[in-house]
Amino acid sequence: VQLQASGGGLVQAGGSLRLSCATSGRTFSSYFMGWFRQAPGKEREFVAAISWRGGSAVYADSVKGRFTIFRDTAKNTAYLQMNSLKPEDTAVYYCAAGSGTYGNPKSYGYWGQGTLVTVSS
């Protein structure tokens with residue numbers, strides 16, 4: 001089972017990036033896909049999650065209205081569209097698959113390797 005995150009990079013404040021999380025090795029139809037981030041010296045925090053089957057999504061308050069999570073079931077890939085980026089969004093972003101409580105990292109049994117997002121002011 002693999003989750004491959006990609007799409008990170010350097011962007012100016014106010015810019016946009018789209019992260020991708022390609023899955024392989026099993027189907028996640030009964031799971032939800034989540035994005036977490038971890039800034040230097042900080043704990044990993046929940047960003048967004050989406051039900052793989054139904055497509056319902058939840059967001060952290062800090063990204064609501066700026067980020068959109070969606071998935072393409074045909075491509076077995078989840079995405080995180082990030083708009084109006086701020087310097088405080090700078091972090092390593094991880095995708096994960098799990099079941100249970102959206103915002104709890106312990107609910108996720110599968111993790112990608114992380115992709116770095118740097119937002120300059």
Side-chain angles (χ1 to χ4, degrees):
V1 177
Q2 279 193 323
L3 278 68
Q4 183 73 35
S6 62
L10 174 64
V11 63
Q12 288 188 331
S16 298
L17 282 174
R18 178 178 291 183
L19 305 183
S20 300
C21 179
T23 70
S24 61
R26 66 159 294 160
T27 58
F28 291 97
S29 59
S30 62
Y31 282 61
F32 48 81
M33 302 297 296
W35 287 95
F36 288 76
R37 66 187 181 186
Q38 188 165 17
K42 295 187 177 181
E43 293 188 354
R44 191 169 297 189
E45 65 171 349
F46 171 76
V47 175
I50 187 167
S51 166
W52 192 262
R53 180 175 293 166
S56 58
V58 292
Y59 299 91
D61 288 343
S62 59
V63 306
K64 205 171 290 183
R66 300 188 298 120
F67 290 11
T68 302
I69 187 171
F70 59 101
R71 84 272 189 260
D72 185 329
T73 56
K75 295 183 178 179
N76 293 320
T77 300
Y79 302 90
L80 185 68
Q81 177 67 42
M82 305 185 294
N83 298 329
S84 302
L85 282 161
K86 304 175 181 180
E88 51 263 43
D89 294 318
T90 295
V92 176
Y93 283 70
Y94 299 90
C95 64
S99 59
T101 305
Y102 281 128
N104 187 350
K106 295 181 180 179
S107 294
Y108 294 79
Y110 304 94
W111 290 85
Q113 84 287 4
T115 184
L116 177 62
V117 172
T118 303
V119 184
S120 63
S121 57

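Below, each value reflects all heavy atoms present in this structure, side chains not excepted, and no hydrogens, waters or symmetry copies. The first residue in the sequence is number 1, and the count goes up from there.
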Apply side-chain contact (heavy atoms from CB on, under 4.5 Å) to Ser84 and list each qualifying residue two or more places apart in sequence or on a separate chain. Arg66

What are the two closest heavy atoms between Phe32 and Ser99, and how far apart are they? CE2-CA, 3.4 Å

A side-chain contact here means heavy atoms from C-beta on lying under 4.5 Å apart; do Arg53 and Ser30 qualify? yes

Separation of Met82 CE from Trp35 CH2 (nearest 0.5 Å): 8.0 Å

Going by ring pair (Phe, Tyr, Trp, His ring centres under 6.0 Å), name the residues that satisfy it together with Tyr59, two or more places apart in sequence or in a different chain. none

Which atom names give the shortest non-hydrogen contact between Val58 and Phe46, and what distance separates them? CG2-CZ, 3.7 Å

Whether the side chain of Asn104 engages the backbone of Thr101 through a donor-acceptor N/O pair (distance < 3.5 Å, no angle test) should be reported. no

So do Gln38 and Glu45 actually touch side chain to side chain, heavy atoms under 4.5 Å? no

Heavy-atom distance under 4.5 Å between the side chains of Leu3 and Met33, does that happen here? yes

Answer whether the closest heavy-atom distance between the side chains of Val117 and Asp89 falls below 4.5 Å. no

Any non-hydrogen side-chain atom of Tyr94 less than 4.5 Å from a side-chain atom of Pro105? no

Reported CD-to-OG distance for the pair Gln4 and Ser24, which is rounded to 0.5 angstrom: 8.5 Å

Can you check whether Ser16 reaches Gln81 side chain to side chain, under 4.5 Å on heavy atoms? yes

Crowded around Glu88 CD? As in, over 12 foreign heavy atoms under 6.0 Å? yes

Going by atom types alone, do Thr23 and Asn76 pair a side-chain donor with an acceptor below 3.5 Å? no

Under the rule for ring pair (Phe, Tyr, Trp, His ring centres under 6.0 Å), what residues qualify as partners of Phe67, not counting sequence neighbours? none

Determine whether the aromatic ring centres of Tyr108 and Phe36 lie less than 6.0 Å apart. yes

Test Lys64 against Asp61 for salt bridge (charged side-chain N to carboxylate O under 4.0 Å, His left out), laying out the working first. CA-CA 5 Å; Lys64 205 171 290 183; Asp61 288 343; 3.1 Å; yes

Drop me the distance from Leu116's CG to Leu10's CG, to the nearest 0.5 angstrom. 9.0 Å

Using a distance-only test with no angle check, is there a side-chain donor-acceptor pair under 3.5 angstrom linking Tyr93 and Arg37? yes

Side-chain heavy atoms of Thr73 within contact of Trp52, under 4.5 Å: yes

Step by step, would you call Tyr31 with Ser107 a side chain to side chain contact (heavy atoms under 4.5 Å, CB included)? CA-CA 10 Å; Tyr31 282 61; Ser107 294; over 6 Å; no

Is there a side-chain contact between Leu80 and Val47 (heavy atoms, below 4.5 Å)? yes

How long is the gap from CG on Asn83 to OG1 on Thr68, to the nearest 0.5 Å? 6.5 Å

Roughly how far, to the nearest 0.5 Å, is the CG atom of Leu19 from the SG atom of Cys95? 9.0 Å

Under 3.5 Å, side chain of Thr115 to main-chain N/O of Ser6, donor-acceptor pair present? no

Side chain to side chain contact (heavy atoms under 4.5 Å, CB included), that's the test. Do Asp72 and Tyr79 meet it? Break it down for me. CA-CA 8 Å; Asp72 185 329; Tyr79 302 90; 3.9 Å; yes

Test the Arg44-Trp111 pair against the cation-pi criterion, namely NZ or CZ under 6.0 angstrom from the six-membered ring centroid and within 45° of the ring axis. yes

